[in-house]
Amino acid sequence: AYYWTSYSSYKLSDVYNGELYFRKCIDLARANFGEHARALSFAYNKLGGIYALKGDNYKAFELLKKAFEIRKTTLEDSNIYLVFAHNNIALGYELIKDHENQLYHLERSMELMQKYHPDRVSSLYVLWYRLSEAYKLLGDSKKHNYYLLKSVESKEKTLPPLHGSH
């Protein structure tokens, strides 16, 4: 999945060490801040990414779901981290091939991003792209192409102008 590519250069020992590290973070967050701490949601999210890299998609999904539930109950709609939480749980649903729920959370992420953070163009083009891929997985080529074009158009807004063009 798109999100996990930042982890792809890790060696297996890095993944193992990351798993140990984020398990310790979970224990510390629980002990110091309780079961609904935002720090706990961060650690669940990162550990979910590690399980996705290991190919344990259902364990990854469980952890991403825990992270989402914490953020959903502790953050306002306008908080950018709730936008990211919808995006991350959409990745979890993609891992377990539940594309209807994947699409729901991508659309909710996009809705919140456009309403509260329209200036975050780099995040918008990623969301447009992820929506295009979700529609592709659902077999809707018309919407896939529409959102892919939106992604390209949005990405072009982030690029500097070419030399010699006005």
Side-chain angles (χ1 to χ4, degrees), residues 1-10 14-15 18 22 38 41-58 60-166:
Y2 178 84
Y3 179 77
W4 311 123
T5 57
S6 63
Y7 292 105
S8 65
S9 62
Y10 285 1
D14 294 333
V15 171
F22 288 114
R38 290 184 198 164
S41 73
F42 174 81
Y44 281 143
N45 209 37
K46 294 297 185 182
L47 189 56
I50 288 170
Y51 274 99
L53 282 174
K54 292 171 60 175
D56 191 342
N57 292 346
Y58 287 93
F61 173 74
E62 288 173 19
L63 291 160
L64 293 169
K65 182 86 169 159
K66 285 181 179 184
F68 176 75
E69 291 300 326
I70 292 169
R71 289 187 178 184
K72 181 177 81 169
T73 59
T74 60
L75 300 174
E76 298 292 324
D77 280 355
S78 60
N79 191 302
I80 191 68
Y81 291 104
L82 184 60
V83 175
F84 296 154
H86 278 285
N87 184 53
N88 292 342
I89 194 59
L91 289 161
Y93 281 114
E94 182 180 352
L95 290 171
I96 64 168
K97 301 187 183 337
D98 181 344
H99 303 302
E100 293 293 333
N101 276 311
Q102 174 193 6
L103 184 60
Y104 168 80
H105 285 284
L106 286 172
E107 288 176 339
R108 183 70 176 134
S109 184
M110 179 60 79
E111 175 188 338
L112 295 174
M113 182 69 79
Q114 288 180 310
K115 183 174 182 177
Y116 298 109
H117 309 283
D119 56 323
R120 294 187 66 125
V121 179
S122 62
S123 295
L124 284 169
Y125 90 81
V126 170
L127 282 171
W128 289 126
Y129 176 77
R130 296 219 40 246
L131 275 165
S132 78
E133 289 300 298
Y135 278 111
K136 182 179 177 181
L137 291 169
L138 288 167
D140 189 332
S141 60
K142 185 175 180 179
K143 286 185 178 177
H144 163 68
N145 291 333
Y146 172 79
Y147 287 113
L148 186 59
L149 181 60
K150 295 280 284 181
S151 175
V152 171
E153 290 170 349
S154 184
K155 176 66 176 168
E156 286 174 349
K157 292 177 184 176
T158 69
L159 299 173
L162 295 172
H163 292 296
S165 60
H166 300 282

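One is the number of the first residue; the rest follow in order along the sequence.
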ask   = For the residue pair A60 and A52, what are the closest heavy atoms and their distance?
value = CB-N, 3.6 Å

ask   = Do E153 and L149 touch side chain to side chain, with heavy atoms closer than 4.5 Å?
value = yes

remark   = For A67 and S41 the tightest heavy-atom approach is CB-O, 3.3 Å

remark   = d(R71 CZ, Y44 OH) to nearest 0.5 Å is 13.0 Å

query = Should L75 and R38 count as side-chain neighbours, where that means a heavy-atom distance under 4.5 Å?
reply = yes

request  = Could you walk me through whether E94 and R130 pass the side-chain contact (heavy atoms from CB on, under 4.5 Å) test, one step at a time?
outcome  = CA-CA 10 Å; E94 182 180 352; R130 296 219 40 246; 3.4 Å; yes

key: Non-hydrogen side-chain atoms of L82 and E76 separated by less than 4.5 Å   = no

message = Applying salt bridge (Lys or Arg N to Asp or Glu O under 4.0 Å), can you list everything that pairs with D77, at least two apart in sequence or on another chain?
response = R108

task = Quick one: pull up CG in L127 and OH in Y125 and give me the separation to the nearest 0.5 Å.
result = 11.0 Å

ask   = Do the side chains of R120 and I80 get nearer than 4.5 Å, heavy atoms only?
value = yes

message = Measuring from atom CG of L131 to atom CD of Q102, what distance do you get when rounded to the nearest 0.5 angstrom?
response = 9.0 Å

task = Is it possible for you to check whether K54 lies under 6.0 Å from the centre of the six-membered ring of Y51, through NZ or CZ, and within 45° of that ring's axis?
result = yes

request  = Nearest 0.5 Å please: distance from the CG atom of L91 over to the CG atom of N45.
outcome  = 9.0 Å

query = Considering residues, nucleotides and ligands other than Y81, do more than 12 of their heavy atoms fall under 6.0 Å from its OH?
reply = no

request  = Check the angle between the aromatic planes of Y147 and W128 and answer parallel, tilted or perpendicular using the 30° and 60° thresholds.
outcome  = parallel

message = I need the E100 CD to L137 CG distance, nearest 0.5 Å.
response = 11.0 Å

query = Do E69 and K66 have side chains that get closer than 4.5 Å, going by heavy atoms?
reply = no

task = State, to 0.1 Å, how close N88 and L64 come at their nearest heavy-atom pair, and which atoms those are.
result = O-CD1, 3.9 Å

inquiry  = Is the ring pair H105/Y93 parallel, tilted or perpendicular, if the boundaries are 30 and 60 degrees?
reply    = parallel

Flag if over 12 foreign heavy atoms under 6.0 Å of NZ, K143 = no

inquiry  = Is the shortest side-chain heavy-atom distance between Y58 and I96 below 4.5 Å?
reply    = yes

query = So which heavy atom on L103 is nearest to which on A134, and how close?
reply = CD1-CB, 4.1 Å

ask   = Would you say T74's side chain and I70's backbone share a donor-acceptor pair under 3.5 angstrom?
value = yes

task = Evaluate the side-chain proximity of M110 to Q114: yes if any heavy-atom separation is below 4.5 Å, no if none is.
result = yes

pair S123-H117: side-chain heavy atoms closer than 4.5 Å = no

